[in-house]
Protein chains: 4
Amino acid sequence: MWAAGAVKIRGCLAATSVPLRRCLKLGAAMAKSKFEYVRDFEADDTCLAHCWVVVRLDGRNFHRFAEKHNFTKPNDSRALHLMTKCAQTVMEELEDIVIAYGQSDEYSFVFKRKSNWFKRRASKFMTHVVSQFASSYVFYWRDYFEDQPLRYPPGFDGRVVVYPSNQTLKDYLSWRQADCHINNLYNTVFWALVQQSGLTPIQAQERLQVDEVMTKEVRLPAEMEGKKMVVTRTRTKAVPLHCDIIGDAFWKEHPEILDEDS
Amino acid sequence: MWAAGAVKIRGCLAATSVPLRRCLKLGAAMAKSKFEYVRDFEADDTCLAHCWVVVRLDGRNFHRFAEKHNFTKPNDSRALHLMTKCAQTVMEELEDIVIAYGQSDEYSFVFKRKSNWFKRRASKFMTHVVSQFASSYVFYWRDYFEDQPLRYPPGFDGRVVVYPSNQTLKDYLSWRQADCHINNLYNTVFWALVQQSGLTPIQAQERLQVDEVMTKEVRLPAEMEGKKMVVTRTRTKAVPLHCDIIGDAFWKEHPEILDEDS
Amino acid sequence: MWAAGAVKIRGCLAATSVPLRRCLKLGAAMAKSKFEYVRDFEADDTCLAHCWVVVRLDGRNFHRFAEKHNFTKPNDSRALHLMTKCAQTVMEELEDIVIAYGQSDEYSFVFKRKSNWFKRRASKFMTHVVSQFASSYVFYWRDYFEDQPLRYPPGFDGRVVVYPSNQTLKDYLSWRQADCHINNLYNTVFWALVQQSGLTPIQAQERLQVDEVMTKEVRLPAEMEGKKMVVTRTRTKAVPLHCDIIGDAFWKEHPEILDEDS
Amino acid sequence: MWAAGAVKIRGCLAATSVPLRRCLKLGAAMAKSKFEYVRDFEADDTCLAHCWVVVRLDGRNFHRFAEKHNFTKPNDSRALHLMTKCAQTVMEELEDIVIAYGQSDEYSFVFKRKSNWFKRRASKFMTHVVSQFASSYVFYWRDYFEDQPLRYPPGFDGRVVVYPSNQTLKDYLSWRQADCHINNLYNTVFWALVQQSGLTPIQAQERLQVDEVMTKEVRLPAEMEGKKMVVTRTRTKAVPLHCDIIGDAFWKEHPEILDEDS
């Protein structure tokens, strides 16, 4: 409801503003209160207190989306930068996100342990994140793909996972980075075999099943390492980084991320 | 992951493709499997079988959004049509939605009772709906607000509610329509008092607390009734309607919506 | 808390009875309010409204329990009657149970659709049922096993399942009865082979893997059908029956069980 | 199911033992598989991984139970010892409980962080605890109330709460102890006023609303401190203690309780 008074009237009617209600002369069929019992069917989905709340989103059908928009293989840096721009927007618009980590068409957002945003309701966390991300993706598309129009509005899915300790949270992020690294490695080699060695995709795939191939035939491009995307916060804004989060170094350099109280 | 082979490699590694893994020469730090235990923290959020699944979305902070984009009060028909366009897109892109009902900045989507889309996981239902809706909102904005640029990407929240019977589902939709009607009535009168009678917003609000005022001073505009928005399906596509869903008439005319088996 | 005033004091302290609290001169370490935040970790486990709530309990390790107490094979009627006595006690002590169905060492209890007992919290439904059943099992043991002492206190597990329609509830009960019938049939034949035909348990088991054996070699005892146990309610008390609940006949004879409103 | 082969047959039929099934000549009405879809209605209630799982049980209607069995006021030590005996039995029969803490008619059981007992299903944790406790209560009653027969089988309710850190678990236990202390203090004074000073219960209650009364008129009995009941584990068995668990001393003396890995 956007019109002035909307929020007001909801409160009003929920309470006992009999005059207004009589004034509006609602017929029996319109007696909203008759139907209000349906609210009892809403389930509570509060995230366990004192735990890290992670929302991970994934592009829906982005294999097709990349094809239709001629993404460069193995990694399209315009697409990666657009993803990071969207993650930044999410962090600036929503409250209590302390770090975001992404790769390819997925992004994870970590809400602080003691966040009480929307009473920690899982549905609020995940729908706010994915909707803000999705609208930002379309909104900022032109800044990264000037000459190439967006052909259709993309979809994303999301989920909430709750981690009870710093260690399990760090392991979650390490898991995503290891996954990113493996995918990047595979894709880099795969596309090198296709683009530089002239294999068909099927041949490249078969070759990758065989031991010890890669190191002999291809060199891993240096920029591959840049594909991991971290967004963190300074005092005032969300800042993108490209760095390792497996291992202790990152967490020692950024103690403020996990140590909310300090 | 959009690059060819991505889906493949996930399956591969999840299984036992030792050659590939050795080939990739992952160092100990990268041993993804070491971190995979973090998947056990994901909770199951399956919706109860044989029940209607409803996703309701709401604009985030649309009071401000309407101000910033000069929406006509009490209802901006461009905005309403854009909402309906987005709802149609959602129904065409996602599976198993049988009807959608909206008003103002909210929309409810009903998935069929026996839908097994994404194994009925609540998070999948709600995040797919809100992200597709949000990206569509930006994507189609220009078709409805030609001369007026979108100033920032809007957000939406969503929730899932599960209804066990046709009656409770119909009552849910009636509740939303009654809410719509009351809001429209209030807003129509409120803005008539402000725009036609020259009251300040505060005065208009006070006046609306007093009994029997309205019918004497203002006439309810005929088009107000058009603000309820229904999207339903023919055999092949999603079709918008503007009609009553309180009462039996609508459901008798459209028995196919609730009677999936017939 | 059983002493007079106990319930009182809880309420008191939860509110603002400063005098009492000061009176009790609680030291800092005892400041209960300092710890009360731990209540926020309790999750809501409300059962979906308007659905049938079923609690099913199962004996824990009853294979061993039956051995230790020399239960007659394949069915010990003392044990079955004790189970039914416990089910009756549960129905008389707890509210809103409309029917119970059991076999062997399991029993299912159906709470009425619109029960609001303990606000429909699943944990309340299941723990009240299993604890009342377990204490009754020990309490009434001697009435059924006069000469045979109970050697140790048995355990039971329980679960809650929610059914949205009369059909799914009836199918649930049919499923339990079919399971009961199959188990009875198997056990009757198995023990006939062992006790009457002199096979070892291993031989009997092997024989039961082979087609068409049974009807030639053994006669099914008539009383086997009596092993399904139903407990239902008259106006004033819980009444045990032994009858079929698969098929429509039972439900037509007892329309009041599912038709709460009539 | 207790008869030999019962577990077997369940497995059998779940798989594809066609011969057995044909052998049993099940009529169409008995086709168990037709009804097995009802299992899909069971919800997953897994407790979050790596968290402490606490089951707390409470006597149902123990105010009345205490009256009917002439419990001594303010504390009946027979009843307290019986409670502790039941808690010990629960700890010996069930797996993975590291500590239990009780007072009056309630007891809390803490399962170890990484317990995977019954796949961490909340319903299994709570129903096993309450049913074992309830059957033990009746079973051991005579050992503590020799001359006084148990008049009816008591009920208990239970709940599961999950704590993500050692601190929150310790605070939970401190909360229960503070509650215990406050109740004991109140009840001791209340019954002293009634039994020694000759006030009516109503008068005693009123007096307790007034500031600074107690310390002047009554002396707190020394044994009151013994009412907190802890059960912990040595290498081989469950051992009852009566000690403070608020503050660090207890945890420093018993590091093995929270430090499973050491």
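Because only heavy atoms are used, hydrogens play no part in the values below, and waters and symmetry mates are left out as well, while side chains stay in. First the proteins, then the strands, lettered A, B, ... as listed; each starts at 1.
Only the backbone of A:V162 comes within contact range of chain B, with at least one heavy atom under 4.5 Å from a heavy atom of that chain. Looking at B:F118, there are no atoms closer than 4.5 Å to chain A (heavy atoms on both sides), in backbone or side chain. The contact between B:R56 and chain A is made entirely by side chain atoms (from C-beta outward), counting heavy-atom distances below 4.5 Å. Using a 4.5 Å cut-off between heavy atoms, A:F133 does not touch chain B at all.
Heavy-atom neighbours of chain A within the stretch residues 134-141 of chain B, taken at a separation under 4.5 angstrom, comprise B:A134, B:S135, B:S136, B:V138, B:F139, B:Y140.
The side-chain tip of B:R64 points at the ring of B:Y152 from less than 6.0 angstrom away and within 45° of straight on.
Under the 3.5 Å distance criterion, the side-chain polar atoms of A:Q132 are left unmatched by any main-chain donor or acceptor of A:V90.
Taking the six-membered ring where the residue is Trp, B:F62 and B:F65 present parallel rings, their angle staying beneath 30° rather than reaching 60°. Aromatic ring pairs are classed by plane angle as parallel below 30°, tilted from 30° to 60° and perpendicular above 60°; the pair A:Y186 and A:F190 is parallel.
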_side chain to side chain contact (heavy atoms under 4.5 Å, CB included) evaluation trace for B:F109 with B:L57_ = CA-CA 9 Å; B:F109 297 86; B:L57 65 74; 4.1 Å; yes

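Under the salt bridge (Lys or Arg N to Asp or Glu O under 4.0 Å) criterion, A:D45 pairs with A:R121, not counting sequence neighbours. For A:K170, the salt bridge (Lys or Arg N to Asp or Glu O under 4.0 Å) criterion is met by no residue, not counting sequence neighbours. Scanning for salt bridge (Lys or Arg N to Asp or Glu O under 4.0 Å) contacts around B:D157 gives A:K124, with sequence neighbours left out.
With chain B as partner, the option from A:G155, A:G158, A:A204 having the largest number of non-hydrogen pairs under 4.5 angstrom is A:G158. By number of non-hydrogen pairs under 4.5 angstrom with chain A, the leading residue of B:L169, B:T168, B:N61, B:T89 is B:T168. Interface remark: of the candidates A:A43, A:P154, A:G59, A:P154 forms the most heavy-atom pairs closer than 4.5 Å to chain B.
A:V54 is listed as a side-chain neighbour of A:Y172, based on a closest heavy-atom distance under 4.5 Å.
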